[in-house]
Amino acid sequence: MAIDSISNIASMTHYPKDEKKDEQKKLVFDASVLKFESQIPKEFIWPDDEKPSANVPELQVPLIDLGGFLSGDPVATMEASRFISEACQQHGFFLVVNHGVDAKLLADAHKYMDNFFLLPLRQKQRAQRKVGEHCGYASSFTGRFSTKLPWKETLSFRYSAENNSSKMVEDYLLNKMGNELRLLGRVYQDYCEAMSKLSLGIMELLAISLGVGRAHFREFFDKNDSIMRLNYYPPCQKPDLTLGTGPHCDPTSLTILHQDRVGGLQVFVDNEWHSISPNFEAFVVNIGDTFMALSNGRYKSCLHRAVVNSHKPRKSLAFFLCPEGDKVVTPPAELVSQNRPRVYPDFTWPMLLEFTQKHYRADMNTLQEFSNWVQQRNS
Ligand SMILES: C=C1C[C@]23C[C@@]1(O)CC[C@H]2[C@@]12CCC[C@@](C)(C(=O)O1)[C@H]2[C@@H]3C(=O)O
Ligand SMILES: O=C(O)CCC(=O)C(=O)O
Ligand SMILES: [Fe+2]
């Protein structure tokens, strides 16, 4: 029964008498138990108007071949930037292929996710994410929120491009998980380096597409201080009641997502949910709130979510590109005019991150709510 799985952990732990009583009431998302559970704990049941709908239409997204751009072909570059411009003004989602990321690295990145998430809960909790922090292992958002919980586990870590020789990801995972899992750290260190490189290339295309200096955004994100997140969605016996990731816009700048072959990503466009089918050769790229602000509102950060299913776990790897902490998020002069005045105030990424972590449960209106908050603080 669900309640048993919830109190499982407490019963394995030795708490002083009273603490144990409190601890037993605590909700714990133990995927190894809950994946078989047909009575879904109420905290994971979404309101009717947010429950997933069956048979959603496919989103029309351009499949952009980066091969020509990466080898310096100007015609291919212009063509890619035109497709990107169109997609980013409509919904902010596009796919990239021939991206130059090693196929073995991608396969390993998926394989090591299985290695990590299939560990016993106690072992994963060595890297437990703490309330108010955004890195570490989280089994759902139990402990942070009490309703509309996501049916997933995540492992998140920081990647900084500041010092090329530092092995931040490798050191973090080694420190949390120990020597036994040292290869895990190596794989994700390499993966983050590949994602940072790819995102700088995409930044160049975004700059071309917006008609600003070609190097503008590449330089802005050159020493990015980004977040890597591994999303693991266990099967759910009642997938029509739950969501793997609830509707949200990414507050970050650019997301490069790789989904496995299972499928579950959906995007809200023209008032309805659309799916983006899995394509193992491709990365799904989307504009986040911070880039929407950098583009002075020209490019959209769009609402999306992930649904789950009853038969197969699903994995996705998300690299969230973020600027260095002291960079001021302000649009380039070319994107501001009398006809197109500033839409958002200046801010830094740590301010927006703190807002989503401490003041506000981020959802579809995060950027607007945050802007109002900054403007109030400034006045
Ligand atoms: C459900 C959520 C978790 C998240 C904030 C959000 O409401 C929507 C986006 C999520 C994300 C993705 C990038 C990293 C992160 C720290 C962020 O700023 O937005 C996470 C947030 C989180 O895990 O707390
Ligand atoms: O798993 C997915 O397909 C989407 C995940 C996502 O939107 C996120 O991690 O921000
Ligand atoms: Fe997202």
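When reading the values below, keep in mind they use all heavy atoms of this one structure, side chains included, and skip hydrogens, waters and symmetry mates. Quantities reported herein were computed from a predicted structural model and do not represent experimental measurements. Both ligands and their constituent atoms are indexed starting at 1 by order of listing.
- Taking every heavy atom of Phe320 and a limit of under 4.0 angstrom, the matching atoms of ligand 1 come to 12 (C), 13 (C).
- Looking only at atom types and distance, the side chain of Asp73 has no donor-acceptor partner in the side chain of Ser71 under 3.5 Å away.
- Those atoms of ligand 2 that come under 4.0 Å of a heavy atom in His248, given as number and element, are 6 (C), 7 (O), 8 (C), 10 (O).
- Checking only distances, Arg144 does come within under 3.5 Å of ligand 1, N or O to N or O.
- Side-chain atoms of Lys327 and Thr348 form no donor-acceptor pair, as typed in the model, at a separation below 3.5 Å.
- Residue contacts with ligand 2 for His304 involve side-chain atoms from C-beta outward but no N, CA, C or O (heavy atoms, distance under 4.0 Å).
- Side-chain contact of Arg186 with Gln189: a donor-acceptor pair under 3.5 Å is absent, judged by distance alone.
- For ligand 2, the atoms sitting less than 4.0 Å from at least one non-hydrogen atom of Leu265 are 3 (O), 4 (C), numbered in the order shown with element in parentheses.
- At least one N, O or S atom of His304, from either the backbone or the side chain, sits less than 2.8 Å from the Fe ion (ligand 3).
- The aromatic rings of Phe44 and Trp151 stand perpendicular to each other, their planes meeting at an angle above 60°, with 30° marking the opposite boundary.
- Shown in contact with Gln357 at under 4.0 Å from a heavy atom are these atoms of ligand 1, numbered in order with element: 16 (C), 21 (C), 22 (C), 24 (O).
- Here is the list of ligand 2 atoms found below 4.0 Å of a heavy atom in Arg314: 1 (O), 2 (C), 3 (O).
- Under the 30°/60° scheme for interplanar angles, the aromatic rings of Phe141 and Phe145 are found to stand perpendicular.
- Under the 6.0 Å cut-off for aromatic ring centres, Phe268 and His91 do not qualify, their centroids lying 6.0 Å or more apart.
- Both the sub-6.0 Å distance and the 45° axial angle are satisfied by Arg261 relative to the ring of Phe280.
- Using the six-membered ring where Trp is involved, His99 and Phe283 have ring planes that are perpendicular, over 60° apart on the 30 and 60° scheme.
- Contact atoms of ligand 2 toward Phe320: 8 (C), 9 (O), 10 (O) (distance under 4.0 Å to a heavy atom of the residue).
- Protein heavy atom nearest atom 9 (O) of ligand 2, with residue, atom name and distance: Asn231 ND2, 3.1 Å.
- The ligand atoms of ligand 2 that sit less than 4.0 angstrom from a heavy atom of Ser316 are 1 (O), 2 (C).
- Contacts with ligand 2 closer than 4.0 Å are made by side-chain heavy atoms of Asp250 only, the backbone lying farther away.
- Interface atoms of ligand 1 facing His248, defined by a heavy-atom separation under 4.0 Å, are 8 (C), 9 (C).
- Not a single heavy atom of Gly246 sits closer than 4.0 Å to an atom of ligand 1.
- Under 3.5 Å, the side chains of Ser226 and Asn224 contain a donor-acceptor pair of N or O atoms.
- For ligand 1, the atoms sitting less than 4.0 Å from at least one non-hydrogen atom of Leu353 are 16 (C), 18 (O), numbered in the order shown with element in parentheses.
- The contact set between ligand 2 and Tyr233, taken as ligand atoms under 4.0 Å from a residue heavy atom, comprises 1 (O), 2 (C), 4 (C), 5 (C).
- A side-chain N or O of Asn231 and one of Ser316 form a donor-acceptor pair less than 3.5 Å apart.
- Interface atoms of ligand 2 facing Leu257, defined by a heavy-atom separation under 4.0 Å, are 3 (O).
- Between Tyr344 atom OH and Leu294 atom CG the span is 11.5 Å, to the nearest 0.5 Å.
- Take the N/O/S atoms of Asp250: the one nearest the Fe ion (ligand 3) is OD1.
- In the hydrophobic clustering of this structure, Leu205 groups with Val212; members are Ile, Leu, Val, Met, Phe, Trp, Tyr whose side-chain heavy atoms approach within less than 4.5 Å, directly or through other members.
- Below 4.0 Å from some heavy atom of Trp349 lie the following atoms of ligand 1, by number and element: 18 (O).
- Listed by number with element, the atoms of ligand 1 under 4.0 angstrom from any heavy atom of His134 are 16 (C).
- Leu106 and Leu257 fall into different hydrophobic clusters, where Ile, Leu, Val, Met, Phe, Trp and Tyr residues are linked whenever their side-chain heavy atoms come under 4.5 Å apart, directly or through other members.
- Residue nearest to atom 11 (C) of ligand 1, selected from Ser156, Ser226, Pro251: Pro251 (by heavy-atom distance).
- Contacts with ligand 1 closer than 4.0 Å are made by side-chain heavy atoms of Arg129 only, the backbone lying farther away.
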